[in-house]
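Step one of this worksheet: look at the structure below.
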Number of protein chains: 2
Amino acid sequence: MPQGNPLEVPDDGLTTRTRRNTPVLAVHTGEGKGKSTAAFGMALRAWNTGLDVGVFQFVKSAKWRVGEEAVFRQLGRLHEEHGAGGAVEWHKMGAGWSWTRTSQKPDADVEHAAAAADGWAEIARRLAEQRHDFYVLDEFTYPMKWGWVDVDDVVEVLLTRPGHQHVVITGRDAPQRLVEAADLVTEMTKIKHPMDAGRKGQKGIEW
Amino acid sequence: MPQGNPLEVPDDGLTTRTRRNTPVLAVHTGEGKGKSTAAFGMALRAWNTGLDVGVFQFVKSAKWRVGEEAVFRQLGRLHEEHGAGGAVEWHKMGAGWSWTRTSQKPDADVEHAAAAADGWAEIARRLAEQRHDFYVLDEFTYPMKWGWVDVDDVVEVLLTRPGHQHVVITGRDAPQRLVEAADLVTEMTKIKHPMDAGRKGQKGIEW
């Protein structure tokens, strides 16, 4: 794929090199599995090439993806101690980020909404500062869907972000304006799932 | 998800624990991106819980996924040197595996077909020996599609594999018999791709 020729060359006045170096805004959406898993797989590749990776989890899910978090923390240590790959930061809404709020009572929707809004504000600051090279905004479609974060603001910030920062957003029901703004949109569709057959999730597979 | 209740409990005489511990056969197919990336993301989780991971790449693609390979080799070293996670083996068709063939002239289709058949035979042996806990058969749908490997044989071996071995198979055009045999099937659909806009792949993103 990387060596393949594009189907059509756009009349945008850019050279192939410029186009190649355009930072990517990717969205993984749909009802199926693999949206976040594929995002973390992309983050692996990014880490391997020395990119600074920032993960921001917006919705409490599957035990916070403890497996991925543990591995990325190991990779972060490999970077700090041995200079391998890139730096890693991992933040969870309500836990990792209390950047602007003073209290932590995550029981009411209003608290969750405030945490999501704070989280997005922090990410927007980081994008402005070019703090990371590769951002995973995990399950970030939900705060947009629920109106906790303004979609137009998100799209504006993403489209005008400076430098060369890649962003991957995951979650079902990606807003249409986000899909339009994105460079790469993949929909994961469930064809068959073990839980349909009455199975529950298991360690090492689901988390 | 892991803690969720299944939609229906099947009348199969199994306890929830037995069902939960059933090893998974997963297939990632479709035209979109993320099939392999999500498989490697699953392998990350598996590694983190101490499972022994074996990766088998069947088709030369995107520089052999050098990024993922580099990271998994690091993880394998973390296991060997510090006891973290599980063991990792990574094999490439024609490179890593020359288990039965003596010559390596990968220029003709017949050579590729023989390499794929050898690769599958080795995997079948490993499944019989319960050599790994988590197998990624990357782009393994293609040798089946091209008739290099017999689908019925694959399905038979997978369905009768002993012990508790998880298998994830990736690639477009998964054969129907494989889909029927699988527990978890996800289709990745391309909604939008940067190459449609004339962009080429870039380091850290595509490989």
Side-chain angles (χ1 to χ4, degrees), chain A residues 1-2 4 6-10 16 19-22 24 28 30 32-34 37-38 40-42 44-49 51 61-63 67-68 70-71 74 78 84 134 166 179 182-207, chain B residues 1-2 4 6-10 16 19-22 24 28 30 32-34 37-38 40-42 44-49 51 62-63 67-68 70-71 74-75 78 84 134 166 179 182-207:
Chain A
M1 284 284 263
L7 294 174
E8 51 185 277
V9 175
T16 296
R19 254 183 252 111
R20 175 184 287 244
N21 287 329
T22 306
V24 168
H28 296 176
K33 291 183 70 90
T37 309
F40 292 121
M42 290 173 76
L44 264 194
R45 275 202 296 268
W47 176 86
N48 185 59
T49 63
L51 298 188
S61 68
K63 295 193 181 180
E68 287 89 343
V71 175
Q74 299 252 26
L78 278 175
F134 189 98
H166 304 290
V179 167
D183 308 299
L184 169 62
V185 181
T186 306
E187 181 169 301
M188 276 70 171
T189 309
K190 182 186 83 167
I191 305 294
K192 199 192 239 184
H193 190 284
M195 285 178 69
D196 297 343
R199 284 203 215 165
K200 292 191 172 191
Q202 58 185 310
K203 186 178 168 186
I205 296 300
E206 307 285 338
W207 69 87
Chain B
M1 283 284 261
L7 294 175
E8 49 184 279
V9 175
T16 297
R19 254 183 252 113
R20 175 185 287 243
N21 287 330
T22 306
V24 168
H28 295 175
K33 291 183 68 89
T37 309
F40 293 123
M42 291 174 74
L44 265 195
R45 274 203 295 268
W47 176 86
N48 185 60
T49 62
L51 298 188
K63 295 193 179 181
E68 286 88 343
V71 175
Q74 299 252 29
L75 295 176
L78 278 176
F134 190 99
H166 304 290
V179 167
D183 308 298
L184 170 62
V185 181
T186 306
E187 181 169 302
M188 276 70 170
T189 310
K190 183 186 82 165
I191 305 292
K192 200 193 238 184
H193 191 282
M195 286 179 68
D196 296 341
R199 284 203 214 164
K200 292 192 171 190
Q202 58 185 312
K203 186 177 168 186
I205 297 300
E206 306 286 338
W207 68 88

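The analysis underlying the following values was restricted to heavy atoms, covering all of them including side chains, and did not include hydrogens, waters or symmetry mates. Note on naming: letters A, B, ... go to the chains in the order of the sequence lines (proteins, then strands), and numbering restarts at 1 for each one.
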### Query
Top residue by heavy-atom pair count (under 4.5 Å) with chain A, among B:Ala38, B:Ala182, B:Gly32?
B:Ala38
### Query
Which heavy atom of A:Ala70 sits nearest a heavy atom of B:Asn48, and at what distance?
CB-OD1, 3.2 Å
### Task
Looking only at non-hydrogen atoms, find the nearest pair between A:Lys33 and B:Thr186 and report the distance.
O-CG2, 3.4 Å
### B:Leu78, part contacting chain A, at a heavy-atom distance under 4.5 Å
side chain
### Message
I'd like to check B:Gln74 versus A:Trp47 (side-chain heavy atoms, cut-off strictly below 4.5 Å). Are they in contact?
### Response
yes
### Message
So, taking the atom named OG1 in B:Thr37 and the one named CE in A:Met42, what distance separates them when rounded to the nearest 0.5 Å?
### Response
7.5 Å
